[in-house]
Amino acid sequence: MTAQIIDGKAIAEKVRADVAVEVAKMVEAGKQPPGLATVLVGENPASQVYVSMKQKACKELGIQSFGNVLPADATQAEVDGLVKKLNADPKVNGILVQLPLPGGLDEERVLNAISIEKDVDGFHPINIGRLAQKGRDPLFVPCTPDGCIYLLDQVGVKLDGCNAVVLGR
């Protein structure tokens with residue numbers, strides 16, 4: 001088998017263009033644009049960059065972006081309360097809690113609190129469970145592995161019968 005270079009940048013540009021068109025159609029039809037809420041707790045520089053990239057992408061595509069920043073010393077109750085508020089907000093269609101959370105906060109509890117219908121990371125236990133069970137589709141799947149499969153599909157790589165090795169986490 002020969003190596004094949006995948007132009008992920010070109011594929012991403014097409015996906016973004018397609019999404020922008022679909023969002024514009026929604027708005028033209030009188031519907032509200034989709035909304036993504038981000039939750040950033042603390043001041044981790046890498047997390048700040050990641051969240052700002054998501055907000056920028058939303059703006060470019062016509063998606064509403066709701067940035068929520070809490071201090072590193074936010075309590076579990078404050079983080080849980082914010083997630084509960086975002087779950088109830090009809091303008092918010094997806095919630096992304098930036099991980100890792102500062103020490104002292106229970107990440108699993110926060111991820112469990114996100115409504116499965118708004119769990120864009122696909123980290124809620126029900127979504128993870130559905131992903132692992134044959135015949136049950138999760139509402140969302142984790143974006144990195146889903147993106148990898150999408151890239152392979154776009155260039156016509158056939159995975160049936162292949163062996164795979166996953167390195168790292």
Distance, nearest 0.5 Å, that separates NZ of K59 from CD of Q64: 13.5 Å

Heavy-atom closest pair, residues G122 and N127: O-CB, 4.1 Å

Same apolar cluster: V21 and I11, side chain cutoff 4.5 Å: no

Atom of A74, atom of L105 and distance for their closest heavy-atom approach: O-CD2, 3.6 Å

Sub-4.5 Å side-chain heavy-atom contact between I6 and Q154: no

Side-chain ion pair, D80 and K84, N-O less than 4.0 Å: no

Residues V79, R109; criterion side-chain contact (heavy atoms from CB on, under 4.5 Å); working and verdict: CA-CA 10 Å; V79 177; R109 180 170 153 181; over 6 Å; no

Atom CD of E43: over 12 foreign heavy atoms under 6.0 Å: no

N/O donor-acceptor pair under 3.5 Å between E107 side chain and L101 backbone: yes

Side-chain heavy atoms of L86 within contact of N68, under 4.5 Å: yes

Spatial distance of atom CG (D137) from atom CZ (R130) [nearest 0.5 Å]: 9.0 Å

Q32 (side chain) donor-acceptor with P90 (main chain) under 3.5 angstrom: yes

Expected output: side-chain N93 to main-chain G35 donor-acceptor under 3.5 Å: yes

Note: E22-K25 ion pair, threshold 4.0 Å (strictly below): yes

Heavy-atom pair of closest approach, residues A46 and N44: N-OD1, 2.9 Å

Trace of the side-chain contact (heavy atoms from CB on, under 4.5 Å) decision for Y150 with V15: CA-CA 11 Å; Y150 183 83; V15 169; 3.6 Å; yes

G42 to Q48 - nearest heavy-atom pair and separation: O-NE2, 4.5 Å

same_hphob_cluster(L139, I126) at 4.5 Å side-chain heavy-atom cutoff: yes

Joint hydrophobic cluster, L111 plus Y50, side-chain heavy atoms closer than 4.5 Å: no

Under 3.5 Å donor-acceptor, H124 side chain and N112 backbone: yes

V27 side chain reached by P33 side chain, heavy atoms, under 4.5 Å: yes

Full working for side-chain hydrogen bond (donor to acceptor under 3.5 Å, both in side chains) between Q55 and T38: CA-CA 8 Å; Q55 292 169 338; T38 55; 3.2 Å; yes

Side-chain heavy atoms of V23 within contact of P34, under 4.5 Å: yes

Rounded distance [0.5 Å steps], CG in D119 versus CD in E117: 9.5 Å

Where S47 and L99 come nearest, the two heavy atoms and their spacing: OG-O, 3.9 Å

Donor-acceptor contact present, side-chain K118 to main-chain I95, <3.5 Å: no

Rounded distance (nearest 0.5 Å) linking atom SG of C162 with atom CG of L152: 9.5 Å

Exceeds 12 heavy-atom contacts within 6.0 angstrom, atom CD of Q133: yes

Any side-chain heavy-atom pair of V39 and L96 under 4.5 Å: no

Interatomic spacing from SG in C58 to CZ in F66 - rounded to 0.5 Å: 9.5 Å

Same apolar cluster: L159 and L151, side chain cutoff 4.5 Å: yes

Nearest heavy-atom neighbours spanning E78 and D73: OE1-O, 4.4 Å

Pairwise side-chain contact, L82 with L70, heavy-atom cut-off 4.5 Å (strictly under): yes

Note, D153 side chain near I149 side chain (heavy atom, < 4.5 Å): yes

Whether D106 side chain and G104 backbone form a donor-acceptor pair below 3.5 Å: no

Approximate separation, where rounding is to 0.5 Å, of I114 CD1 and F123 CZ: 9.5 Å

same_hphob_cluster(V41, V69) at 4.5 Å side-chain heavy-atom cutoff: no

P138 side chain near L131 side chain, heavy-atom distance below 4.5 Å: yes

Polar side-chain atom of D121 near backbone of P142 as donor-acceptor pair, under 3.5 Å: no

